[in-house]
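This chain uses plain numbering: 1 for the first residue, then up along the sequence. Just so we're clear, the structure is a prediction, and the values are computed from it rather than from any experiment.
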Amino acid sequence: MTAQNVIETPFSPLADPATAAPGPRAGIPDDRELLRAAVELTRDLTTARAAIYWPDMLVSAALGYGGVAGAILFTHPPAAILCAVVGVLGLYRAMLFIHELTHIHRDALPGFRFGWNLLVGIPLLTPSFMYEGVHTLHHARTRYGTVEDPEYLPLALMKPWTLPLFVVTALLLPAALLIRSAVLVPLGAVIPPLRRLVWARISALSINPAFRRRPPEGEFARMVFWQELGASIWAITLIASVFAFGLRPLLIALVIASGAALLNQIRTLVAHLWENEGETMTVTAQYLDSVNVPPPALLAPLWAPVGLRYHALHHLLPSMPYHSLAEAHRRLSAHIGGRDTYAKASYPGLFPLVARLARSTMGGR
């Protein structure tokens, strides 16, 4: 359970989700002092450190795949379940490095994109092209929170049944990705209309059903080709493995992948307050519609790993490496103080945020 006994200090107060009333934020003007401080106080924190990225990704992937192997090989249920939990957490953390790949400069970490795709992206059937060129639209000044944002829905303003549906659909994602790469992509290679449909509708990790992806071009198109080829070969190999090893290993792997997808969907549910109804928002409004869950929320690194517990801060500094966000948060909190705009995006934990969102969907509008 996420720590909810909040220790409030002058430098790290947390907003109370129970009393913070949801409402439109599109009219909030930019806080120039906050935006200036965010840049000036963190200039020395912007370098992505390979000595952190590589070991973190490799250890996470090793734990994830080790957990999958243990869950398949152990016949003692408690041991198999423990391994499955390790597999979920390891693969989840390894998978979320896809978020870093969309923001770090292409030359910042030589070989990291290729290594991540080879070890994580293609094996999990989510190569980096599914997020690159998509997530950056979510950060575009004039797109965030609008119909053109692939990663935004006004969930706080929708019907109560949309929340459980939003979460549960994540369980189907691994099976859908398997069908996509093993069946639809190969068929699309010989059926151009299907290829265009698959690319436009089911080639992006997005939550906005209205989003349509534009065809890839240039160097990106070449990268897409090789990543799609690798994912399709792997997906077909997974299906063929049933004939050699039976259905059980593949089902266990899919269940663990579904667990990781579910955890990510829950994290997505509280990454923002989801209160915008399509209007263009200022950077400060986007920040206040986003969420930080700083210490003392002890379990936040498990359900919001790779820096995503500082998601609101990430919207102020999108290119900041994940390993620098905690220090950036400390500096801004100390410099600006606890009663200013910056503190208003910090919340005590997962469950109060989920409860706040659920209450919002039940209110009359």
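When side chains are defined from C-beta on, M320 counts as touching L325, because their heavy atoms get closer than 4.5 Å. You'll find the side chain of L34 reaches within 4.5 Å of the side chain of L316, heavy atoms only. Looking at I239 and L178, their side chains come closer than 4.5 Å, going by heavy atoms from C-beta outward. Counting heavy atoms from C-beta on, the side chains of L251 and R248 never come closer than 4.5 Å. Here the side chains of P321 and R49 are not in contact, with every heavy-atom distance at 4.5 Å or above. At least one side-chain heavy atom of N276 sits under 4.5 Å from a side-chain heavy atom of E279. Using a 4.5 Å heavy-atom threshold, the side chains of L205 and I98 count as touching.
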**Report entry** Chi angles and distances behind the salt bridge (Lys or Arg N to Asp or Glu O under 4.0 Å) call for R331, D44
**Finding:** CA-CA 12 Å; R331 292 182 187 183; D44 61 325; 2.7 Å; yes
**Report entry** Stepwise ring pair (Phe, Tyr, Trp, His ring centres under 6.0 Å) check, F166 with W161
**Finding:** CA-CA 9 Å; F166 179 81; W161 57 264; over 10 Å; no
Report task. Please test L41 against L332 for side-chain contact (heavy atoms from CB on, under 4.5 Å), starting from the C-alpha separation and ending with a verdict. Result -> CA-CA 7 Å; L41 293 174; L332 281 166; 3.9 Å; yes
Query - Criterion side chain to side chain donor-acceptor pair (under 3.5 Å) on Y310 and H314, from CA distance to verdict - result: CA-CA 6 Å; Y310 298 105; H314 168 67; over 6 Å; no
Requested in this report: Go through Y53 and H323 one step at a time and tell me if the ring pair (Phe, Tyr, Trp, His ring centres under 6.0 Å) criterion holds.
Outcome: CA-CA 8 Å; Y53 273 80; H323 54 69; 5.6 Å; yes
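Taking the centre of each ring, Y342 and H329 come in below the 6.0 Å mark. Between W226 and F129, the gap from one ring centroid to the other reaches at least 6.0 Å. Ring-centre distance between Y322 and H99: not below the 6.0 Å cut-off.
When the shell of 6.0 Å around CH2 of W54 is examined, it contains more than 12 heavy atoms from other residues, nucleotides or ligands. Within 6.0 Å of atom CZ in F220, more than 12 heavy atoms from other residues, nucleotides or ligands are found, so the atom counts as buried in its surroundings. In the displayed structure, F211 atom CZ is contacted under 6.0 Å by more than 12 heavy atoms of other residues, nucleotides or ligands.
Side-chain heavy atoms closer than 4.5 Å link hydrophobic residues (I, L, V, M, F, W, Y) into clusters, and following such links, possibly through other members, connects L153 to V168.
Looking only at distances, no side-chain donor or acceptor of T102 sits under 3.5 Å from a matching main-chain atom of E132. The main-chain N or O of N264 is found under 3.5 Å from a side-chain atom of T268 such that the two form a donor-acceptor pair.
With L350 as the partner, the side chain to side chain contact (heavy atoms under 4.5 Å, CB included) test is satisfied by one option alone out of I266, V293, V291: I266.
Here the closest non-hydrogen pair linking L58 and L119 is CD2-CD1, 3.4 Å.
With 3.5 Å as the limit, one finds no donor-acceptor pair spanning the side chains of Y152 and Q286. A donor and an acceptor atom, one from each side chain of H138 and H272, are located under 3.5 Å apart.
With salt bridges taken as basic N to acidic carboxylate O contacts below 4.0 Å, one links E228 and R180. Ion pairing between a basic and an acidic side chain is recognised when a charged N comes within 4.0 Å of a carboxylate O; R330 and E327 show such pairing. Between D30 and R141, no side-chain nitrogen of the basic residue sits less than 4.0 Å from a carboxylate oxygen of the acidic one, so the salt-bridge criterion is not met.
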